[in-house]
Each structure stands twice: as C-alpha cells, then as structure tokens.
> 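Dropping a structure here in structure tokens format, bear with me for questions.
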Amino acid sequence: MGHYNKKSHHSTGAFPLSLEDDLLRQRHDRIREIEALGFRPYGHRFDFSHSLATVLAEYTPVEAAQLDANRVPVKVCGRLRTIRRMGKAGFAHLTQDGAQLQIYVKKDLVSETDWKLWELIDLGDIVGADGYLFRTRTGELSVHVEKLYFLAKTLLTMPEKFHGIEDVELRYRQRYLDLIASPESRAVFVARARIVASLRRQLESRGFIEVETPMMQPLYGGAAARPFVTHHNTLDIDLYLRIAPELYLKRLVVGGLDRVYEINRNFRNEGVSTQHNPEFTMLEFYQAYTDYHGLMDFTCELLKQVAIDATGSAAVQYGDDTLDFGNIRRLSMREAVREFWTGPEPARPDDAAWLLANSHKATAGEALTDIFERVGEDKLIQPTIIYEYPVETSPLSKQNPDNPAFVDRFEIYAAGMEIGNAYTELNDPQEQRRRFEMQLGMRERGDEEAHQMDEDYIRAMSYGLPPTGGEGIGIDRLTMLLTNSKSIRDVILFPLLRPEGDIGLAAKLRELDTAQG
RNA sequence: GGGCCGGUAGCUCAGUCGGUAGAGCAUUUGACUUUUAAUCAAAGGGUCGCGGGUUCGAGUCCCGCCCGGCUCACCA
C-alpha cells in the first residue's frame with residue numbers, strides 16, 4: 001500500500017504527499033499540460049537529420065565564423081541531462097547514445113507553444129529539436145533551436161548530475177539508470193561488445209562457424225560443477241541448465257563441422273564472488289586436426305588482437321599492473337610450482353612423495369594441482385599459459401603420449417585469475433568410457449561435481465572424433481581485464497541479485513490514474 | 001555458509017557523549033536573452049532498511065531479521 005494511505009487519516013481532504021509522491025505527481029500532471037499544448041507525451045518515430053555523435057564528429061573542427069556564414073540546419077534528439085534556464089532563454093545538454101550536445105532556446109526564436117513546452121520540460125525528458133549550429137561565447141558547439149518536439153516523459157527523477165549513482169546495489173538493480181548517469185559504466189559494456197565482436201571476427205576469418213547447442217540438457221557435463229535443475233512439464237522430465245557446451249560441440253566435430261565455436265551462457269550452481277556469477281558467458285571453440293600446441297599459438301594471437309580491438313593496445317592497465325597480452329609467457333605446471341614455491345627447501349614437483357607430503361589430496365596429480373593453485377595462481381599477474389595438467393583432474397583431455405600421468409592441457413591466467421582452459425581432446429572411446437567410469441566411482445564416493453556417464457557422447461566418439469583441440473575462454477573475466485573492472489558484476493549488465501520485493505510504483509501510478517478519472 | 005563494513009530526503013553525503021533530523025544537487029516560486037555542476041533570493045520535502053529491547057528520551061546503545069559490498073571457503 002502507498003505511503004499516503006497510511007497518512008491520509010491524519011488530515012481530511014488533500015493527502016499530504018511524501019516528496020517522492022510529490023515529484024511523481026508533478027510530472028504526471030505535466031503530461032496533461034504537455035498534451036494541452038498539442039504535444040504527445042510519448043512520441044512516435046523521430047527522423048533526426050544527425051545523431052549527436054555525427055554532429056560532434058562533423059562540426060567540432062568547424063569554427064564559429066564558418067557556421068554563421070553557412071548555416072547548418074540540424075534536427076536532433078536525446079535525453080535532457082542538464083537544463084539552465086535564464087529568464088527568456090536557456091541552455092540544455094542532450095545525450096543520445098553516449099554523445100552529448102548543447103541546445104540553446106531563445107524566446108524570440110521559437111513559437112509561443114514551443115516556449116511553453118521549454119518551460120515545462122524536466123531533466124530526463126526526451127526531446128527533439130530543429131535548429132542550426134552555432135558556437136557560444138565560450139566556443140561550445142550548440143544547436144540554436146527553432147522548433148521543439150516532445151518525445152518521452154520521465155516520471156521519476158534522474159540521478160544527481162555530478163556524482164551519478166554511487167550506490168552499487170542501485171547500479172546493478174537499475175542498470176538503465178547507471179548507464180544514463182555514468183559514462184564509465186557505458187564504456188565497459190561498449191568494450192564488452194567490441195571484445196565479443198573481435199573474437200567472432202577472428203574466429204570467422206579462420207573458418208570457424210558459430211553454432212548453438214542445448215542449454216537445457218538431460219545430462220550435464222564438460223566441467224566439474226553443480227548444475228541448476230529445471231523441469232519440462234509436458235515431457236515430465238528434469239533437465240539441467242548446462243555447465244558447459246563441450247560435449248555437444250565435440251559431437252559436431254564428429255559430424256564434420258571441423259571448426260565450430262559457441263559464445264553463450266553457462267550456469268553453475270555455486271557461490272557468487274567478484275569473479276563468479278551463476279550465469280556467465282564463455283567462448284568455446286573446437287578445431288579438428290590440431291592439438292594443444294596449435295591452440296597455444298592461436299590463443300596468443302587471439303588475446304593480443306582482442307586487447308588491441310578493445311583498448312587500442314596489447315598492453316592493458318589493470319589496477320596497478322600493466323598486463324601485456326602481446327607477450328604471453330608459457331610455463332609448465334611443475335615449473336610454476338618450482339618458481340613460486342616459498343618453502344625452506346626447493347620444491348620437487350616431479351617427486352610423488354614430496355607432492356603428497358605437501359598436500360592433503362589423495363594422488364600425486366591432484367596434489368600437484370592443489371599446490372599449484374595455492375602457491376602459484378595468485379602470482380600469475382602477467383598473462384601466462386600454464387601447461388601439462390595431471391590426468392586425474394581432466395576427464396576429457398588426451399594423455400601425453402610420453403607421460404600418461406599428464407594430459408595435453410593448458411590454462412591461461414592473468415591478474416591471478418583463470419581466464420581460459422584448453423586441451424587436446426580425448427578421442428579414444430574406450431579410454432573415455434574408462435574415464436567416465438572413474439568419475440562415476442568418485443560420484444559414488446560423494447563427489448557431486450564428478451562427471452556423469454554420457455553414453456551418447458561415447459557413441460558419437462565411437463564413430464571417430466578426429467584429433468581435435470578445444471578451448472574455453474571466460475568472456476566476463478576477459479572483459480574485466482580489458483576494462484579494468486575489479487568485480488565480475490561490473491561487466492555483467494544484470495548480475496544475479498536477491499529480488500528486492502515490492503517497489504510500490506505500480507500502486508502509486510494506479511492511484512494517480514484513478515484520481516485523474 | 002564464516003568474518004568485516006554499510007543502508008539517513010528522488011540522488012550524493014554529514015549527523016559529536018543518547019537530548020527538537022542537516023547540507024549540496026533535484027523539486028516549487030521569484031529574478032535573469034550566450035550558460036557550463038549557471039547564478040541570486042525564498043519555500044516545500046524524512047517509515048533514519050525492518051522488528052523487538054534498554055531508557056524519562058534512540059538515527060545514535062543492545063538483540064534478531066532483510067538487502068548490499070569486501071573477504072575467506074567452493075568454483076571458471
């Protein structure tokens with residue numbers, strides 16, 4: 001129920017309004033006044049002659065005298081970001097698609113109706129204007145308005161114009177306001193779009209085709225994670241939201257789509273943090289007839305170019321560090337443990353006894369991974385490829401022919417964060433069956449994240465999966481690095497939050513609507 | 001889930017030792033025909049996140065809860 005229901009019994013007649021209701025009512029009433037002037041409060045199509053960005057791009061170099069000598073007529077539109085009324089004239093800034101341009105309205109130069117409209121408009125309203133370009137006394141390129149249009153009313157007040165939105169909760173819940181108020185936030189999402197476009201362009205130019213595989217899967221796999229469960233009513237079956245597209249993409253390689261990729265959402269039912277959102281976007285790509293060495297070279301090219309496309313340089317500022325994506329170091333996991341181990345004795349990662357003595361894990365391979373993650377991961381600030389992973393932690397990777405305790409796998413780290421994972425794909429169906437059965441054993445011992453048996457996947461592989469390299473790159477984390485964002489929520493438009501409950505706006509609008517009759 | 005920090009006007013933030021809830025922006029009214037976070041004058045606007053408790057008296061102290069941030073654990 002609205003605020004003034006509770007308060008209205010204190011006074012008869014007009015209810016006392018809270019500020020918020022008062023502002024809402026003022027703007028709501030103003031719709032009637034705008035209509036009375038002959039304007040529509042919510043306009044239709046508006047054919048502008050120039051976007052604000054175009055005006056700025058084309059006429060920023062043109063000097064005042066030239067603009068006065070050869071008048072440039074323009075028809076522009078945008079949201080009102082500032083208004084400075086000065087008696088019988090005034091200035092305002094319009095914003096459109098990230099660009100900002102000043103307009104100047106002088107009573108002498110517009111119709112009486114347009115002047116009344118100018119006096120009625122609020123910060124945040126969306127308007128259009130006919131006029132011509134000129135430069136103000138201080139040299140700012142502006143539109144001298146001859147005719148005003150009204151395109152959309154704002155009923156709610158805009159964020160404070162100087163500080164914008166500081167409350168992070170508000171920024172995440174009402175991202176539209178964040179985008180209006182803070183150009184930095186807008187820039188992050190524009191950069192994210194450029195990153196995705198760059199990856200697509202690079203993959204397409206190498207003959208990869210984009211595919212879409214199921215997000216609702218009867219069996220989940222391709223990663224170690226707990227899934228979300230949903231239900232299909234008509235078929236009466238439980239389905240899992242995918243934790244990875246991997247097994248479907250490799251079926252496609254069996255089917256002769258030799259180079260495939262997918263950029264889409266994965267869902268993992270895990271905790272949230274500055275590096276984890278329950279739904280996140282991954283690029284996965286598979287290339288037949290290559291292996292993890294081929295992928296390493298490709299990855300270095302891919303990351304260098306995406307950094308350049310997103311930021312203009314392969315060297316990217318992240319916090320206090322400059323990450324150089326033009327020069328990616330390669331280090332085996334055992335080398336990394338030797339390098340970053342800080343114990344009194346030098347590390348002996350080739351020695352199973354040493355590994356087991358320094359970890360609580362059951363096998364030497366798991367112990368090596370455990371030790372690496374503890375001592376090495378957060379020190380990998382510069383972009384680094386870590387290769388040679390123990391077989392135990394990689395049920396879908398192909399073993400190294402010379403050392404079957406290891407698989408031909410690598411991960412990419414930067415700023416202490418894992419941003420990618422790649423390997424030569426296991427393509428022997430017998431071995432795959434054994435690995436799945438090993439995972440089933442782990443599952444029976446209570447490991448909820450152990451892989452499920454996927455018999456159709458084994459069937460597909462039994463038709464022959466060519467030698468293949470496959471890789472996944474976390475788009476959210478890559479975007480964090482390339483936009484200098486410290487939280488994954490800053491690069492996801494609508495990160496997962498608990499629901500906020502009743503907002504109360506519908507009730508207030510209903511009341512205004514019925515009060516109006 | 002644990003630890004720490006936060007939630008006060010539409011927005012950004014103050015609020016001392018427990019003693020009548022403040023500023024700037026925004027809003028309203030007035031002045032102002034080239035302003036730049038326009039300026040000047042005045043006014044209105046508060047469920048101090050929610051619920052209990054202590055107290056003569058709670059934004060402030062105590063307890064519980066809700067929402068968010070950081071961090072640890074888990075994960076990519």
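What you see is a predicted model; the values in this text were computed from it and never measured. To find a chain, count down the sequence lines: A is the first, B the second, and so on, and within it residues start at 1.
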> Evaluate side chain to side chain donor-acceptor pair (under 3.5 Å) for A:Ser394 paired with A:Arg409, printing each intermediate quantity in order.
CA-CA 8 Å; A:Ser394 314; A:Arg409 172 180 176 187; 2.6 Å; yes

> Can you tell me, in whole Å, how much space there is between the C1' of B:U55 and that of B:C63?
16 Å

> I need the CG-C1' distance between A:Asp22 and B:A43, as an integer number of Å.
12 Å

> Here's a test of your reading of the structure: between A:Ala224 and A:Lys106, which maps to the more 5' nucleotide of RNA chain B?
A:Lys106

> Determine whether A:Asp125 and A:Arg79 satisfy the following criterion, side chain to side chain contact (heavy atoms under 4.5 Å, CB included), listing intermediate values before the conclusion.
CA-CA 6 Å; A:Asp125 286 350; A:Arg79 187 187 292 277; over 6 Å; no

> Do the rings of A:Tyr389 and A:Phe372 sit parallel, tilted or perpendicular, given the 30° and 60° boundaries?
perpendicular

> Quick one: do A:Glu284 and A:Val260 satisfy side chain to side chain contact (heavy atoms under 4.5 Å, CB included)? Show the steps, please.
CA-CA 8 Å; A:Glu284 281 205 15; A:Val260 290; over 6 Å; no

> Starting at the 5' end of RNA chain B, which residue's closest nucleotide do you reach first, A:Ser487 or A:Ala92?
A:Ala92

> Any idea which of B:U12, B:G10, B:U35 is nearest the A:Asp167 side chain?
B:U12

> A:Arg84 near the nucleic acid: base, sugar-phosphate alone, or nothing, with a heavy-atom cut-off under 4.0 Å?
base

> Which of the following nucleotides, B:U12, B:A76, B:A26, is nearest to the side chain of A:Glu160?
B:U12

> What does A:Arg81 touch in the nucleic acid at a heavy-atom separation under 4.0 angstrom: a base, only the sugar-phosphate, or nothing?
nothing

> Count the heavy atoms belonging to other residues, nucleotides or ligands that lie under 6.0 Å from CD of A:Glu63, then report whether that count exceeds 12.
no

> Categorize A:Leu497 for me: base, sugar-phosphate, or nothing, with a 4.0 angstrom heavy-atom threshold over every strand shown.
sugar-phosphate

> Closest approach to the side chain of A:Glu449, judged atom by atom: which nucleotide of B:G10, B:C70, B:C74 is it?
B:C74

> Please report, rounded to the nearest Å, how far the C1' atom of B:U28 is from the CZ atom of A:Arg27.
12 Å

> Name the nucleic acid region contacted by A:Gly420, choosing base, sugar-phosphate or nothing; use a 4.0 angstrom heavy-atom cut-off, strictly under.
nothing

> When both hydrogen-bonding distances must be under 3.5 Å and the geometry is Watson-Crick or G-U wobble, what is B:U35 paired with, if anything?
none

> Considering just the side-chain nitrogens and oxygens of A:Thr82, establish if one lies under 4.0 Å of OP1 or OP2 belonging to B:U36.
no

> Starting at CZ of A:Phe372 and ending at C1' of B:A76, how long is that distance when rounded to a whole Å?
13 Å

> Given the P atoms of B:G59 and B:U8, what is the spacing between them in whole Å?
15 Å

> Send over the distance from A:Leu123 CG to B:A37 P, rounded to a whole Å.
14 Å

> On a whole-Å scale, what distance lies between the P atoms belonging to B:G49 and B:C32?
43 Å

> Can you tell me which nucleotide in B:U36, B:A37, B:G68 comes closest to the side chain of A:Thr138?
B:U36

> Among B:C74, B:U34, B:A76, which nucleotide sits nearest the side chain of A:Arg137?
B:U34

> Tell me the interatomic distance from A:His163, atom NE2, to B:A14, atom P, rounded to whole angstroms.
11 Å

> Working to the nearest 0.5 Å, report the span between CG of A:Leu133 and CD1 of A:Ile103.
12.5 Å

> Name the nucleic acid region contacted by A:Ala223, choosing base, sugar-phosphate or nothing; use a 4.0 angstrom heavy-atom cut-off, strictly under.
nothing

> Checking the side chain of A:Gln439 only, and the main-chain atoms of A:Pro395 only, is there a donor and an acceptor separated by less than 3.5 Å?
no

> Check for me whether the distance between the ring centres of A:Tyr220 and A:Tyr240 falls short of 6.0 Å.
yes

> If the P atom of B:G7 is compared with that of B:U60, how far apart are they to the nearest Å?
12 Å

> At under 4.0 Å between heavy atoms, what does A:Arg489 touch on the DNA or RNA strands: base, sugar-phosphate, or nothing?
sugar-phosphate

> Considering only side-chain heavy atoms of A:Asp108, which listed nucleotide, B:C25, B:A76, B:U33, is closest?
B:U33

> Between A:Arg85 and B:C32, is there a side-chain N or O to OP1/OP2 distance below 4.0 Å?
no

> Counting side-chain heavy atoms from CB outward, which of B:C74, B:G10, B:C13 is closest to A:Glu166?
B:C13

> May I ask which nucleotide in the shown strands pairs with B:U55, Watson-Crick or G-U wobble, both distances under 3.5 Å?
none

> Any side-chain heavy atom of A:Leu56 within less than 4.5 Å of one from A:Leu101?
yes

> Tell me the interatomic distance from A:Glu140, atom CD, to B:U34, atom P, rounded to whole angstroms.
15 Å

> Both distances below 3.5 Å, Watson-Crick or wobble geometry, any strand: find the nucleotide opposite B:C13.
B:G22

> Sort out the partner of B:C40 for me: Watson-Crick or G-U wobble, both distances under 3.5 Å, none otherwise.
B:G30

> Find the partner of B:C70: check Watson-Crick (N1-N3 plus N6-O4 or O6-N4) and G-U wobble (N1-O2, O6-N3) distances, both under 3.5 Å, and reply none if neither fits.
B:G3

> Using atom C1' of each nucleotide, how far apart are B:C4 and B:C48 to the nearest Å?
23 Å

> Please report the distance, rounded to the nearest Å, between CD1 in A:Ile488 and P in B:U71.
13 Å

> Using only heavy-atom distances, decide whether a donor-acceptor pair under 3.5 angstrom links the side-chain of A:Thr136 to the base of B:U36.
yes

> Does a side-chain N or O from A:Thr274 land closer than 4.0 Å to OP1 or OP2 of B:U71, or not?
yes

> Given the P atoms of B:G6 and B:A76, what is the spacing between them in whole Å?
34 Å

> Quick check: does any side chain N or O of A:Glu160 sit under 3.5 Å from a backbone N or O of A:Phe162, one acting as donor and the other as acceptor?
yes

> For atom CZ of A:Arg175, decide whether the heavy atoms of other residues, nucleotides or ligands shown that lie under 6.0 angstrom number more than 12.
yes

> Please determine whether the number of non-hydrogen atoms from other residues, nucleotides or ligands lying under 6.0 Å from atom CD of A:Glu500 exceeds 12.
yes

> When the C1' atoms of B:G46 and B:G53 are considered, how many whole Å apart are they?
24 Å

> Can you figure out which of B:U35, B:U12, B:U28 approaches the side chain of A:Ile165 most closely?
B:U12

> Checking all strands, does A:Glu411 fall into the base, sugar-phosphate, or nothing category for heavy-atom contacts under 4.0 angstrom?
nothing

> What distance, rounded to whole Å, do you find between the two P atoms, one in B:C56 and one in B:A73?
48 Å

> Using a cut-off of 4.0 Å on non-hydrogen atoms, how would the nucleic acid contact of A:Lys107 be classed: base, sugar-phosphate, or nothing?
nothing

> Taking OP1 and OP2 of B:A26, is either one under 4.0 Å from a side-chain nitrogen or oxygen of A:Lys161?
yes

> Tell me whether the ring of A:Phe280 lies stacked over the B:A76 base, given a 5.5 Å limit on centroids and a 30° limit on the plane angle.
yes

> Is there a residue in residues 111-122 of chain A whose heavy atoms reach under 4.0 Å of RNA chain B, and which residues are they?
none

> What is the nucleic acid contact for A:Asn277, judged by heavy atoms within less than 4.0 Å: base, sugar-phosphate only, or nothing?
base

> Rounded off to whole Å, could you give me the CZ-to-P distance for the A:Arg173 and B:C66 pair?
14 Å

